[in-house]
Amino acid sequence: MSFKTILLHLTNDEKLEASISVALNLAAENSAHIVGLYTIAPVTPPTSFMGYIPPEFIERTRGIETENAKQACERLTAKATAAGVEFSCVQEEGYAPDVIQKHALTADLVILGQIDPSNEKSAQYQNLADELVVGCPCPVLTVPYAGNFEKFGSHILVGWNNTREASKALRGALPFIKKATKVTLLNVNPTSDQSVGNDAAKKFLERHGATVQVKIGHWPDVGVGNALLDALVDYEADMLVMGAYGHSRLREMILGGATQEILGHMTAPVLFAH
């Protein structure tokens, strides 16, 4: 199993470089094709327009976003050409999560940059990851906005709780796991005996050639998400794999606490699956 089609979300901020680097390295390792996708939000009027959208406002706004899309594609083009990686660029207008999820139907992996809350250019993507990690048909790899992650995945920490979501994340991460030096399956604050499921998961990964250890951690008065973030440091892991918990209802995201904590404070690349 390997990644052959990687869907990369393109943006118009400087943090895009980190996501491009991650995508290029994965594509080179897997002989994969990168689809760079820039989503253009539908034009909405300022409140001062009182419901009427002047044609010049629509034209100007679309012109700006079209230029942003062109520049983002040029950044990918320059780096992918230099690296000898196969790629294509797509721009599409629509609600970003819907557009990305549609293209993800024929992708093995989506790469998404974590949003820097202090960057005004990223405001339109503020809640994008919240929706994608629970709605995307394939695994979503989120790249922190701070740090250098050209190389990661040597020691993978898996948030394991013997659930369907955790299982989907584990299987979605197999291309990473097969190349890792070590994998740690971690039960966080378990309330029952997880040994049977832990042993089954360990043997499953070992059949794929992984070196696996199982850990059980108790963090009193600490949420699962923050416990996993602490564990990344404690176990010196450089990637996290976990199931995403929550659902989208009437465009209002309802996320599990662990998912929300990780999305807000990640310190290493995180692969989510729901």
Side-chain angles (χ1 to χ4, degrees), residues 2-41 64-93 96-97 99-104 106-126 128-129 131-133 136 138-154 156 172-173 175-176 179 238-241 263 266-272:
S2 61
F3 301 124
K4 290 302 180 182
T5 303
I6 297 171
L7 182 61
L8 170 65
H9 179 233
L10 299 177
T11 62
N12 66 333
D13 63 66
E14 63 276 7
K15 305 298 182 181
L16 175 61
E17 303 301 327
S19 296
I20 289 177
S21 293
V22 169
L24 287 175
N25 287 335
L26 287 176
E29 290 174 3
N30 293 274
S31 299
H33 180 97
I34 297 174
V35 178
L37 174 61
Y38 192 99
T39 59
I40 298 177
I64 292 172
E65 277 295 85
T66 299
E67 180 60 27
N68 288 338
K70 178 184 175 183
Q71 291 178 8
C73 182
E74 288 173 349
R75 291 160 73 181
L76 173 60
T77 297
K79 289 185 174 294
T81 301
V85 169
E86 184 180 310
F87 74 98
S88 57
C89 286
V90 179
Q91 67 178 62
E92 186 171 328
E93 183 173 338
V99 174
I100 294 171
Q101 288 175 35
K102 182 184 73 174
H103 286 270
T106 50
D108 297 304
L109 179 72
V110 170
I111 296 180
L112 185 71
Q114 181 195 24
I115 299 305
D116 181 353
S118 66
N119 190 332
E120 293 182 359
K121 291 183 179 180
S122 302
Q124 64 176 312
Y125 307 120
Q126 199 65 49
L128 179 59
E131 188 149 352
L132 283 182
V133 297
C136 211
C138 66
V140 176
L141 180 69
T142 53
V143 182
Y145 66 79
N148 184 335
F149 302 102
E150 289 191 11
K151 298 294 182 182
F152 65 93
S154 175
I156 298 176
F176 291 102
K179 296 177 181 179
D238 57 1
M239 180 181 179
L240 175 62
V241 171
L263 284 173
M266 66 180 69
T267 54
V270 183
L271 185 141
F272 291 98

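By the neighbour-count criterion of 12 heavy atoms within 6.0 Å, atom NZ of Lys70 is sparsely surrounded, having that number or fewer from other residues, nucleotides or ligands.
For the pair Val110 and His103, the minimum side-chain heavy-atom distance is 4.5 Å or more. The shortest side-chain heavy-atom distance between Leu128 and Ile100 falls under the 4.5 Å cut-off. In this structure, the side chains of Val99 and Leu37 come closer than 4.5 Å at one or more pairs of heavy atoms. Thr142 places a side-chain heavy atom less than 4.5 Å from the side chain of Met266. Side-chain contact between Leu26 and Phe176 is present, with heavy atoms from C-beta onward closer than 4.5 Å. Taking 4.5 Å as the limit, some side-chain heavy atom of Ser88 sits within range of a side-chain heavy atom of His33. With a 4.5 Å cut-off on side-chain heavy atoms, Val22 and Phe152 count as touching. Inter-residue side-chain proximity for Ile34 and Ile111 is flagged as unmet; no heavy-atom pair is nearer than 4.5 Å.
In terms of heavy atoms, Pro269 sits closest to Leu141 at CB-CD1, 4.2 Å. For the residue pair Ser2 and Asn30, the shortest heavy atom distance occurs at CB-OD1, 3.3 Å. Heavy-atom minimum distance, Tyr38 versus Asn12: OH-CB, 3.8 Å. Across all their heavy atoms, Pro144 and Thr267 have their closest contact at CG-C, 4.0 Å. The minimum heavy-atom distance between Gly172 and Pro139, with the atom names listed, is CA-CG, 3.8 Å. In this structure, Leu16 and Thr11 approach most closely via the heavy-atom pair CD2-O, 3.3 Å.
Pairs passing the salt bridge (charged side-chain N to carboxylate O under 4.0 Å, His left out) check and including a residue from residues 16-29, sequence neighbours excluded, read Glu17-Arg75, Glu17-Lys79, Glu29-Lys179.
Between the CG atom of Asp108 and the NZ atom of Lys4 there is a distance of 9.0 Å, given to the nearest 0.5 Å.
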> Where do Leu24 and Glu150 land on the side-chain contact (heavy atoms from CB on, under 4.5 Å) test, with the steps shown first?
Replying inline: CA-CA 9 Å; Leu24 287 175; Glu150 289 191 11; over 6 Å; no
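Between the side chains of Asn68 and Glu65, at least one donor-acceptor pair of N or O atoms lies under 3.5 Å.
Side-chain N or O atoms of Gln114 include one that pairs as donor or acceptor with a backbone N or O of Leu263 at under 3.5 Å.
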